[in-house]
Amino acid sequence: MAEVDADVWVLTETHTEHQPTEAHLNRCFTPPYPERLRGPFRWTGIWSRWPLTPIIEPAPHRRGSVAALIHAPAGDVMVYGTVIAYANEPAFDDGTPARMWEAHRSEIDRQGPEWLQLRHLHPHVSLVVIGDLNQIRDGSNLYGGRADQARL
């Protein structure tokens with residue numbers, strides 16, 4: 001990580017007590033999800049060498065989404081870090097059993113409106129959605145069908 005020297009890192013399946021480099025002091029995380037991750041582990045974390053303001057509306061979600069306004073020298077950038085449920089996720093967020101790809105689709109349906117809300121609330125700030133989307137994005141049907149790719 002030190003060799004890449006990125007200004008902002010978004011890590012998934014991460015740990016609150018780690019940081020990419022000594023320069024990345026500004027950070028925010030998804031809330032705890034004790035049913036799936038113990039202790040200081042979180043689905044998603046955002047670290048920045050520049051100041052950041054955690055976005056509280058939409059609220060960070062324990063399933064894996066968190067957003068921050070990064071105050072970069074060239075101007076603010078909004079970063080939305082996420083983990084979208086994988087194909088065989090066994091349950092929805094409320095614990096209800098899910099069949100293959102159902103929780104994935106449910107997360108797209110939850111997060112999509114959040115991205116639109118962020119665009120509406122911050123129309124002049126670039127939005128970067130990044131993380132583990134748990135599908136192939138090249139148009140192939142290797143992991144996640146084309147309908148789910150289009151949905152995302």
Side-chain angles (χ1 to χ4, degrees), residues 1-95 98 101-138 143-144 148-149 151-152:
M1 293 179 122
E3 290 178 19
V4 172
D5 197 33
D7 297 313
V8 177
W9 286 96
V10 177
L11 302 179
T12 61
E13 300 178 47
T14 190
H15 193 288
T16 61
E17 296 172 11
H18 296 161
Q19 69 187 64
T21 73
E22 291 180 12
H24 293 82
L25 299 174
N26 306 295
R27 61 191 182 190
C28 62
F29 300 95
T30 54
Y33 194 172
E35 299 88 341
R36 298 290 301 277
L37 300 170
R38 304 264 188 248
F41 291 95
R42 298 293 184 275
W43 281 124
T44 309
I46 300 171
W47 285 265
S48 175
R49 71 174 69 240
W50 300 314
L52 68 75
T53 303
I55 292 176
I56 58 171
E57 189 59 39
H61 196 277
R62 70 189 200 135
R63 180 64 111 164
S65 57
V66 62
L69 196 59
I70 308 292
H71 306 290
D76 290 347
V77 177
M78 195 170 357
V79 175
Y80 184 104
T82 185
V83 173
I84 296 178
Y86 71 111
N88 291 310
E89 178 69 34
F92 294 101
D93 194 43
D94 65 3
W101 292 109
E102 282 185 333
H104 179 86
R105 292 179 189 121
S106 176
E107 279 301 293
I108 293 171
D109 291 345
R110 178 183 69 79
Q111 292 183 33
E114 290 186 353
W115 304 337
L116 293 173
Q117 179 184 11
L118 289 168
R119 296 301 312 130
H120 177 74
L121 293 173
H122 307 275
H124 303 294
V125 178
S126 296
L127 171 62
V128 176
V129 176
I130 188 168
D132 186 349
L133 304 179
N134 270 308
Q135 61 172 248
I136 299 291
R137 299 294 308 149
D138 65 2
Y143 186 68
D148 289 328
Q149 292 172 7
R151 180 186 214 124
L152 182 59

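FYI, the numbering just counts along the sequence from 1.
Contact record, Gly131 with Thr12: CA-CG2, 4.1 Å, taken as the closest heavy-atom pair. Contact detail for Pro40 and Glu17: the closest heavy-atom pair is CB-OE2, 4.0 Å. Contact record, Ala23 with Gln19: N-NE2, 4.5 Å, taken as the closest heavy-atom pair. Of all the heavy atoms in His104 and Ala85, the pair that sits closest is ND1-O, 2.7 Å. Residues Pro32 and Pro34 approach most closely at C-CD, 3.6 Å, considering heavy atoms. Ala103 approaches Ala91 most closely through the heavy-atom pair CB-O, 3.9 Å.
The ring-ring contact (aromatic ring centres under 6.0 Å, His included) check on His15 picks up His18, Phe41, with sequence neighbours excluded. Every residue two or more places apart in sequence or in another chain that forms a side-chain hydrogen bond (donor to acceptor under 3.5 Å, both in side chains) with His24 is listed here: Thr21. Legend: residues meeting side chain to side chain contact (heavy atoms under 4.5 Å, CB included) with Ser126, ordered by chain and number and at least two apart, are absent. Residues satisfying the side-chain hydrogen bond (donor to acceptor under 3.5 Å, both in side chains) test with Arg27, not counting sequence neighbours, are none. Residues satisfying the side-chain hydrogen bond (donor to acceptor under 3.5 Å, both in side chains) criterion with Asp76, sequence neighbours excluded, are His71. Qualifying salt bridge (charged side-chain N to carboxylate O under 4.0 Å, His left out) partners for Asp94, counting only residues two or more places apart in sequence or in other chains: none. With sequence neighbours excluded, the residues forming a side chain to side chain contact (heavy atoms under 4.5 Å, CB included) with Ile70 are Val8, Ile46, Ser48, Trp50, Leu52, Ala68, Val79, listed by chain and number. Listed by chain and residue number, Gln135 satisfy the side-chain hydrogen bond (donor to acceptor under 3.5 Å, both in side chains) test with Arg137 (two or more places apart in sequence, or in another chain). Every residue meeting the side chain to side chain contact (heavy atoms under 4.5 Å, CB included) condition with Tyr80, not counting sequence neighbours, appears here in chain and number order: Ser65, Ala67, Thr82, Arg110, Gln111, Glu114, Trp115, Leu118, Leu127, Val129. Checked against salt bridge (charged side-chain N to carboxylate O under 4.0 Å, His left out), Asp93 has the following partners two or more places apart in sequence or in another chain: Arg62. The salt bridge (charged side-chain N to carboxylate O under 4.0 Å, His left out) search around Glu13 returns none, not counting sequence neighbours. Shown here are the salt bridge (charged side-chain N to carboxylate O under 4.0 Å, His left out) partners of Asp138, two or more places apart in sequence or in another chain: there are none.
Counting heavy atoms from C-beta outward, Met78 and Leu121 have side chains that stay 4.5 Å or more apart. The shortest distance between side-chain heavy atoms of Leu152 and Ile84 falls below 4.5 Å. With contacts defined as side-chain heavy-atom distances shorter than 4.5 Å, the pair Arg36/Glu89 qualifies.
Under the side-chain contact (heavy atoms from CB on, under 4.5 Å) rule, Trp43 has a single partner from Thr30, Thr14, Asp132, Leu11, which is Thr30.
Atom OG1 in Thr44 sits 11.5 Å away from atom NE2 in His61 (nearest 0.5 Å). Atom CZ of residue Phe92 and atom CD of residue Glu107 lie 10.0 Å apart, to the nearest 0.5 angstrom. Put simply, CH2 on Trp101 and CG on Asn88 are 8.0 Å apart, with the number rounded to the nearest 0.5 Å. Remark: Asp148 CG to Leu133 CG distance equals 12.5 Å, nearest 0.5 Å.
Within a 6.0 Å radius of CD in Glu22, other residues, nucleotides and ligands contribute 12 heavy atoms or fewer.
Checking side-chain atoms of Arg42 against main-chain N and O of Tyr33 turns up no donor-acceptor pair under 3.5 Å.
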